[in-house]
K.L.:
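Dropping a structure here in structure tokens format, bear with me for questions.
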Number of protein chains: 2
Amino acid sequence: MKGIRRLAQHLDISIGTVSRALNGKPDVNEETRRRVLQAATELGYVPNQSGRSLRQGTTNIIGFMMQTGTEITGQGDIFFMSVFDGVQAVFARHKLDLVALLCSSEEDPNDYLRRVVARGFADALILSATQRDDPRIEFLAERNIPFVTLGRSLTDAGQPWLDLDFEGMAQASIDRLVARGHRRIAITRPHDDINLGYIFVDRCRRALAAHGLTLDEDLIFRSTPNEAGGYQIARDLLALEEPPTAIVLINETIAIGFYQALSEAGIKPGRDIAVVGRYSPHAHFLSPPLTCFRLSLRDLGIALAETLLSAMPAFKDQYPDAPQNQVWPMELVEGESDAFLVPRR
Amino acid sequence: MKGIRRLAQHLDISIGTVSRALNGKPDVNEETRRRVLQAATELGYVPNQSGRSLRQGTTNIIGFMMQTGTEITGQGDIFFMSVFDGVQAVFARHKLDLVALLCSSEEDPNDYLRRVVARGFADALILSATQRDDPRIEFLAERNIPFVTLGRSLTDAGQPWLDLDFEGMAQASIDRLVARGHRRIAITRPHDDINLGYIFVDRCRRALAAHGLTLDEDLIFRSTPNEAGGYQIARDLLALEEPPTAIVLINETIAIGFYQALSEAGIKPGRDIAVVGRYSPHAHFLSPPLTCFRLSLRDLGIALAETLLSAMPAFKDQYPDAPQNQVWPMELVEGESDAFLVPRR
DNA sequence: CATAGTTCCGTAAACGTTTACGGCAGCCAA
DNA sequence: TTGGCTGCCGTAAACGTTTACGGAACTATG
């Protein structure tokens, strides 16, 4: 005898009553409920997930879809671990479990998602590595599956999304650098499938225009979002006839390689060139410390969870004013990498 | 009408035959099987996971348990993403899905595991962040749930495990440094719950003894496994009356902070002190490049998967000679951080 | 033709839950 | 007393599969 039957037999009541007691339903005497709860913990009873979800068509599982192997976002070390922790904090209150759905680099993300959904794996989904044009969004929207994307997409099905405030970062970076006398300012962007590149470049261009400056196309650097990419950017930058006096780095991990290439050339951030980047645990330990934009990843995770819950019928009323489309502000951490002022002529 | 019933109705045969056809069972005409398979793809039918696992008590899901939020191992996102990719490559051949089971930093890992198991979530498990004394191992072993741990533990239930070859790293590092004239060699270790610390320290001590040297207790540094920890180690090291001439860093990310603290004190790795560490994507971009020990994380993932499969009854015969307990060798990547030779007196 | 064997298929039970439904006490008001 | 109401509980159906079992049709063998 296993499962709920064992519990019922042990208490000498019916399985129906046990189930009602455990799930906080009415129509059960408080004294019996107490006994059931106690016996449940004593016997270590935990409802079988398959049985439960088969009956009520719900799994109490939220899937966070991510791709393994490839470095798409260039978000370093503990990015996801921190976000997860925030998401969990919210879900725990609702007895929801978060699992990471790992799409192999050998499988098409769309196929993978199709499988996950068809199998009825999760009640709702969080999508990361959102593409500029992302078929997954339409797929989920058509099927009325609650989801939220981390990162904006051009594909608009009215879905909720959260994203980092790259406009804010672009604006603040440009304003700051221009105020320090810089006129030739370089920026970096990820590869073309990533939407944030367009957003970021566009806002940089407009911010520069507001100061009467134009964004030189030669000063927009593409690279892989890792240390090696940063290294390459610096090499390319230094090879220019007229190098920029400042640069804004859009990825976290590229700063390390960027610094190294500069160092090899005898160029020092903050003295010979101004550098602004993204926060990462190592940003403070670069020399000189990187001036960068930071946000609380845990808070981002919390917001992500709340927004997702507000899209789920069962929890909608508990999160009436969760943001649907929100850019998440980043704060400026002052380092010394942008201390360099352009000398007046 | 949904699911397998829809398929059966559409083909005008019984659901039993459909199920047998889909699952490759005998007792079904090849012609009908072909028709079923075709109709399945046409209608986009995918078996409901709950129904299936309820009936046959198996989920086709492998769980990789990891802890979010906290930095226990100092291994970042890319570490796991790379390992995952290797694991997936093997599992894909057997139609097994890998999901990451994310234990919140607010929940006890043992409780979490208990829940996961009781719910019947996965067929088998991979445990990471293995503790020196890890109750999860006994728990799983008692219940005959196939699992493998990434990292050794003192808790021995005959379970399979894979681990990095820290003995090999210790031996090679010490031999190398001693051969270059170093006598006062410092090492680092993670906090006390992590088994690798004991393994590593022990082997370092014996390697030194083989050269007639003793390991000075003051030269064993504990720290958090991140950049800040490395920074602190360097500060502590430099504050010693008689600092070591060499150090072996056991974690990946601490090198960055370590370099920085040295740099602030005017000490240069490879010139004033010899440094050996672990590979990370940034190791090559430190100045000077870090001499470090590297391994293919993807291959590690592949081995992990094969070992786990050999512990599962359904796949055991397909992996007859998968290693049960194996240390995974690391290769030395020559940098310049240990170029410093101790001058003869 | 009778029998045995083979090939294929349909039927129904089972997995562990949740929940709609009905029913039995006990109580109160008419 | 009668009727209805409330509080509590048991019964059984349902969720979507898999699979043991039995049986029909056909083939082979005597």
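The analysis underlying the following values was restricted to heavy atoms, covering all of them including side chains, and did not include hydrogens, waters or symmetry mates. Here is the naming used below: chain letters follow the sequence lines, and residue numbers restart at 1 for every chain. Predicted model only: the values in this text are computed from it and were never measured.
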K.L.:
Both A/Gly51 and B/Thr32 contact DNA chain C. Taking the nearest nucleotide for each, which residue is further toward the 5' end?
P.N.:
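The 5'-side residue here is B/Thr32.
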K.L.:
I need the CZ-P distance between A/Arg35 and D/dC8, as an integer number of Å.
P.N.:
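The answer, rounded to whole Å, is 14 Å.
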K.L.:
Counting any heavy atom closer than 4.0 Å, what does B/Asp27 reach on the DNA or RNA strands: base, sugar-phosphate only, or nothing?
P.N.:
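Base contact - B/Asp27 has a heavy atom under 4.0 Å of at least one base atom.
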K.L.:
Looking at every strand, decide which applies to A/Ser53 at a 4.0 Å heavy-atom threshold: base, sugar-phosphate, or nothing.
P.N.:
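Touches nothing.
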K.L.:
When you measure from the side-chain N and O atoms of A/Ser19 to the phosphate of C/dT17, is any distance below 4.0 Å, counting only OP1 and OP2?
P.N.:
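It does not, given that no N or O in the side chain of A/Ser19 lies less than 4.0 Å from OP1 or OP2 of C/dT17.
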K.L.:
So, are B/Glu106 and A/Arg298 salt-bridged, with charged N and O less than 4.0 Å apart?
P.N.:
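Yes.
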K.L.:
Under 4.0 Å between any heavy atoms, over every strand shown, what does A/Gly16 touch: base, sugar-phosphate, or nothing? Just pick one.
P.N.:
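Counting heavy atoms under 4.0 Å across all strands, the contact made by A/Gly16 includes a base.
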K.L.:
Given atom CG of B/Leu11 and atom P of C/dC9, what is their separation to the nearest angstrom?
P.N.:
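These atoms are roughly 11 Å apart.
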K.L.:
On DNA chain D, nearest-nucleotide positions of A/Gln56 versus A/Glu30: which is more 5'?
P.N.:
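Nearer the 5' end of the strand: A/Glu30.
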K.L.:
Would you check if the side chain of B/Gln131 reaches a backbone N or O of B/Ile194 as a donor-acceptor pair within less than 3.5 Å?
P.N.:
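Pair absent, no side-chain N/O of B/Gln131 close to backbone of B/Ile194.
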K.L.:
In whole Å, I'd like the distance from the CE atom of B/Met1 to the C1' atom of D/dT17.
P.N.:
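In whole Å, D/dT17 C1' and B/Met1 CE are 15 Å from each other.
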K.L.:
Take atom CD1 of B/Ile4 and atom C1' of D/dT19, then tell me their distance rounded to the nearest Å.
P.N.:
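So the CD1-C1' distance, B/Ile4 to D/dT19, works out to 12 Å.
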K.L.:
Nearest to the side chain of A/Arg20, heavy atoms from C-beta on, is which of C/dT18, D/dT17, C/dA20?
P.N.:
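Output: C/dA20.
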K.L.:
So does B/Leu304 get a backbone contact from the side chain of B/Thr307, meaning a donor-acceptor N/O pair under 3.5 Å?
P.N.:
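Between the backbone of B/Leu304 and the side chain of B/Thr307 there is no qualifying donor-acceptor contact (under 3.5 Å).
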K.L.:
Tell me which nucleotide among D/dG16, D/dC9, C/dT18 gets nearest to the side chain of B/Arg5.
P.N.:
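Of all the options, the side chain of B/Arg5 is nearest to D/dG16.
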K.L.:
Please report, rounded to the nearest Å, how far the P atom of D/dG7 is from the CZ atom of A/Arg33.
P.N.:
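To the nearest whole Å, that distance equals 14 Å.
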K.L.:
Ignoring the backbone of A/Leu54, work out which of C/dT18, C/dA12, D/dG16 is nearest its side chain.
P.N.:
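So the side chain of A/Leu54 is nearest to D/dG16.
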K.L.:
Please tell me if B/Ser14 has a side-chain N or O lying less than 4.0 Å from either OP1 or OP2 of C/dT11.
P.N.:
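For C/dT11, neither OP1 nor OP2 has a side-chain N or O of B/Ser14 closer than 4.0 Å.
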K.L.:
Look at A/Tyr45 and C/dG16 and indicate whether a side-chain polar atom (N or O) is within less than 4.0 Å of OP1 or OP2.
P.N.:
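For A/Tyr45, the contact criterion (side-chain N or O under 4.0 Å from OP1 or OP2 of C/dG16) is not met.
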K.L.:
Reckon B/Asn23 has a side-chain N or O less than 4.0 Å from the OP1 or OP2 of D/dT18?
P.N.:
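True: B/Asn23 side-chain N/O within range (under 4.0 Å) of D/dT18 OP1/OP2.
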K.L.:
On the nucleotide C/dT18, are OP1 or OP2 found under 4.0 Å from the side-chain N or O atoms that A/Lys25 carries?
P.N.:
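No, no such contact exists.
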K.L.:
Using heavy-atom distances to pick each residue's nearest nucleotide on DNA chain D, tell me which of A/Ile13 and A/Arg55 is more 5'.
P.N.:
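Whichever sits nearer the 5' end wins; that is A/Ile13.
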K.L.:
May I ask you to say whether A/Arg152 pairs ionically with A/Asp163, meaning some side-chain N is under 4.0 Å from a carboxylate O?
P.N.:
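Between A/Asp163 and A/Arg152 there is a salt bridge, with a charged N closer than 4.0 Å to a carboxylate O.
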K.L.:
Which whole-number value in Å describes the distance from B/Phe121 CZ to C/dG16 P?
P.N.:
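Answer to the nearest Å: 19 Å.
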K.L.:
Assess the pair B/His94 and B/Tyr319: is the distance between their ring centroids shorter than 6.0 Å?
P.N.:
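Between B/His94 and B/Tyr319, the centre distance is under 6.0 Å.
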K.L.:
If you compare every side-chain N and O of A/Arg52 against the phosphate oxygens of C/dG16 (OP1, OP2), does one of them come in below 4.0 Å?
P.N.:
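A/Arg52 to C/dG16 OP1/OP2: no side-chain N or O under 4.0 Å.
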K.L.:
Would A/Phe80 and A/Leu297 satisfy side-chain contact (heavy atoms from CB on, under 4.5 Å), going step by step from the backbone distance to the final call?
P.N.:
CA-CA 8 Å; A/Phe80 284 114; A/Leu297 295 173; over 6 Å; no
K.L.:
Calculate the interatomic distance between A/Asn48 atom CG and D/dG16 atom C1'; express it in whole Å.
P.N.:
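Rounded to the whole Å, the gap is 14 Å.
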K.L.:
Go through D/dC9, C/dC8, C/dT18 for me and flag the one nearest to the B/Asn29 side chain.
P.N.:
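Selected nucleotide (nearest to the side chain): C/dC8.
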K.L.:
Rounded to the nearest Å, what distance is computed from the CD1 atom of residue A/Ile15 to the P atom of nucleotide C/dC21?
P.N.:
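Rounding to the nearest Å, CD1 of A/Ile15 and P of C/dC21 are 18 Å apart.
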